[in-house]
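Have a look at the structure below, then the notes.
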Number of protein chains: 2
Amino acid sequence: MDLTMELRHLRYFTAVAEALNFTRAAAQLRVAQPALSRQIQDLEVEIGVDLLRRSPRGVTLTSEGKLFLEETRELLKRADESVAKVRALARGEYGELHVGYAPSPSVEVLPPALAAFQKAAPRVRVVRHDLASDEMIARLLDGTLHLGITVEPSADVSGDILFEELRRYRFCVALAAGHPFARKKSLKLEEIASQPLVGLSRRDYTEYYQLLDRIFAPVKTRPRIAVECDGSTSMLTELEAGNAIGIVSELFRRIAGRRLVYRRVSDSIESHSIGIARTKKRDVTPAGEKFCDILRQVARELRHEKTKPKG
Amino acid sequence: MDLTMELRHLRYFTAVAEALNFTRAAAQLRVAQPALSRQIQDLEVEIGVDLLRRSPRGVTLTSEGKLFLEETRELLKRADESVAKVRALARGEYGELHVGYAPSPSVEVLPPALAAFQKAAPRVRVVRHDLASDEMIARLLDGTLHLGITVEPSADVSGDILFEELRRYRFCVALAAGHPFARKKSLKLEEIASQPLVGLSRRDYTEYYQLLDRIFAPVKTRPRIAVECDGSTSMLTELEAGNAIGIVSELFRRIAGRRLVYRRVSDSIESHSIGIARTKKRDVTPAGEKFCDILRQVARELRHEKTKPKG
DNA sequence: GCGCAGCGATGCCTTTTAGGCATAATGGAC
DNA sequence: GTCCATTATGCCTAAAAGGCATCGCTGCGC
């Protein structure tokens, strides 16, 4: 036997069960009373159970009718909610958003973006994934990640990856306040190269050495890395000791703050950018698009902030 | 805007979403492919969200489609369950059944009936209410009780109450095995009346004294209640002591068991019945009817058991 | 590179069914 | 009994689902 029960039957039944009167329920539903009468009859025949007791003064619910009313209300509510959820998902206001991020590079844009996004789309669960650059790309490609906030990936891995720059940071020299160079306003590449440098470990951070090559390309001298650190924290410690200076991103200031001083490199324009990474193929969900919009807005505000005097 | 989404749309959508192919889904649903195509289009237009990505090799679900598929499956399942519940309720296999009972009188019929009923209708929650006779009637009338298992109510309170006898018990004499009367096979009213009797308290059990009046109506002598007890337990203790004998229902044997001996009253045919009490007006639920059937069956079996030899 | 196979969409017509109108049947209240 | 409000029935109309033929698309194999 085919079930042909439709939501219409349920809508009609709840109306009658609530009005306890076919005529009034029909008026409310904007259908004629006989049409309503017949639909309810069809429903009862289909279920095979009397749901209503008719009388010349209206109707009463049988105990089966009472149970069915509860069920029916719940069902109609859930049907509405289902549609609402799907619409919310399409508007980017529902669902999950998996965002990969590199903690240090994203330090400036991510926290305010997350805050703004949660305010704009509170029903979206944002799942943050702290990932290294290569793993982030892998997970963007396999679809477990919607977006990544990262430094610009090198061309050889970014085949199916789209990168959109949000912020560009120059490199500068970080050093302890007591270091002799701290008296200078800016430094030249030759000067820097004459000093022993604090850097990241050659094994784990090959891209750092590629960067140094780029920075020092204009001059003949090559810098000497006297101390190799395994991360920005140990680098900070080493620099604070005051024995050496280091080439770092402007962003370093955001992380390390006022414990060090920073000096421009007068004869270098090298910079790196951080931004949004996503796949070219797979569509970013609406929530992802919304998050991108907010990231762009945050980046725009950060740019304007810089031109204003510090608060 | 009126929602005209129907369960048909959901059924069709799940079919397509599971087959990932309109043609095959249509075949499964036994409708033509264009009809299915159109229904799905209608659904998408109504929700205002694309649920499927069409391609010449079939369809894939959008993320909205995936969410809607989950929701839809759940909804269709719940709709089926709702109908199943209502049908089960109508068959007396679902819902709640509130049964009032007087513990002592119902001791023989109720336990086996409950066991049999729970086996026959495991999804019905039977709520047992241990109630005194007058409260039971009140709660039958106000509808919080479907059935009562009790002694026959007196005519003055049973206006809207229907009583159906299940079992009839004679009265007999209970006494300690060591009592002189224990040697006799049966006792006469005159003999009994000559002895001091153990009885129930005059204050709480007026019907017990009406009963004694009925039993001793055929003879001139009136029995003398030497000890008044506040219930069957204390009566049992008193009788075991062996100082006196008591007039009790045959049922007493079921409660007190072999700790006492029981003797027929040869010249009395007085008896009392226990049975089902229900309202005349309010319909007993199907589960209630089912329970009544089982009670009758249990009573029938008890009657036959008696004719067979014990053991 | 072209045709073919398989798929979904479209146009048009048929069938089914929901719905409307008039009216009958029902059954308490007086 | 009559009246009244209420639900049910009969008949017709309108709307919507469904069926058939066909188109258009696209990816694959030759």
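Please read all numbers here as calculations on a predicted model, not as lab measurements. All chains are named by letter (A, B, ...) in the order of the sequence lines, taking the proteins before the strands, and each is independently numbered beginning at 1.
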First encountered from the 5' end of DNA chain D, between A:G58 and A:R38:
A:G58
Salt bridge (Lys or Arg N to Asp or Glu O under 4.0 Å), that's the test. Do A:R78 and B:E71 meet it? Break it down for me.
CA-CA 8 Å; A:R78 296 248 356 206; B:E71 296 289 323; 3.8 Å; yes
A:H146 (side chain) donor-acceptor with A:V99 (main chain) under 3.5 angstrom
no
Between A:P34 and A:R57, who's closer to the 5' end of DNA chain D by nearest nucleotide?
A:R57
Roughly, in whole Å, what's the span from CD1 in A:I40 to C1' in D:dT9?
17 Å
Expressed as a whole number of angstroms, how long is the span from A:L7:CG to D:dA17:C1'?
16 Å
Any donor-acceptor N/O pair, B:R87 side chain to A:I47 backbone, under 3.5 Å:
yes
DNA chain C: A:P56 or A:Q33, which has the more 5' nearest nucleotide?
A:Q33
Measuring from the side chain of B:A32 (C-beta onward, heavy atoms only), which nucleotide among D:dG10, D:dG19, D:dA17 has the closest atom?
D:dG19
Earlier contact from the 5' end, DNA chain C, for A:R54 and A:L36
A:L36
Looking only at atom types and distance, does a side-chain atom of A:E46 sit under 3.5 Å from a main-chain N or O of A:M5, one as donor and one as acceptor?
yes
Is there a residue in residues 60-71 of chain A whose heavy atoms reach under 4.0 Å of DNA chain C, and which residues are they?
none
Name every residue in residues 9-27 of chain A that has at least one heavy atom under 4.0 Å from any atom of DNA chain D, in order of residue number, or write none if there are no such residues.
A:N21, A:F22, A:T23
Output the rounded distance in Å from CG (A:L51) to P (D:dT7).
15 Å
Rounding to an integer number of Å, can you tell me how far B:R53 CZ sits from D:dT26 C1'?
17 Å
Atom CG of B:D42 and atom P of D:dA15 are separated, to the nearest Å, by 16 Å
For B:R300 and B:Q297, test the side chains for any donor-to-acceptor distance below 3.5 angstrom and give the result as yes or no.
yes
Donor-acceptor pair, A:E93 side chain versus A:R123 backbone, under 3.5 Å?
no
Taking CD from A:Q39 and P from D:dA16, how many angstroms apart are they, rounded to a whole number?
14 Å
CG of A:D50 versus C1' of D:dT7: gap in Å, rounded?
14 Å
Just by modelled atom types, is the B:I149 backbone N or O under 3.5 Å from a matching donor or acceptor in the B:S106 side chain?
no
Salt bridge or not for B:D293 and B:R296, using N-O below 4.0 Å?
yes
Counting only side-chain nitrogens and oxygens, does A:Q41 get under 4.0 Å of the OP1 or OP2 atom of D:dT9?
yes
Terminal contacting nucleotides, 5' and 3', DNA chain C versus chain A (heavy atom, 4.0 Å)
C:dA18 to C:dA29
Is the closest side-chain heavy-atom distance between A:L69 and A:T14 below 4.5 Å?
yes
Can a donor-acceptor pair be found, under 3.5 Å and without considering hydrogens, that links the side chain of B:E64 to the backbone of B:L51?
no
Hey, could you give me the CD/OG distance between A:E207 and A:S133, rounded to the nearest 0.5 Å?
8.0 Å
Looking at CG of A:L10 and CD of A:Q39, how far apart are the two atoms once the value is rounded to the nearest 0.5 Å?
11.0 Å
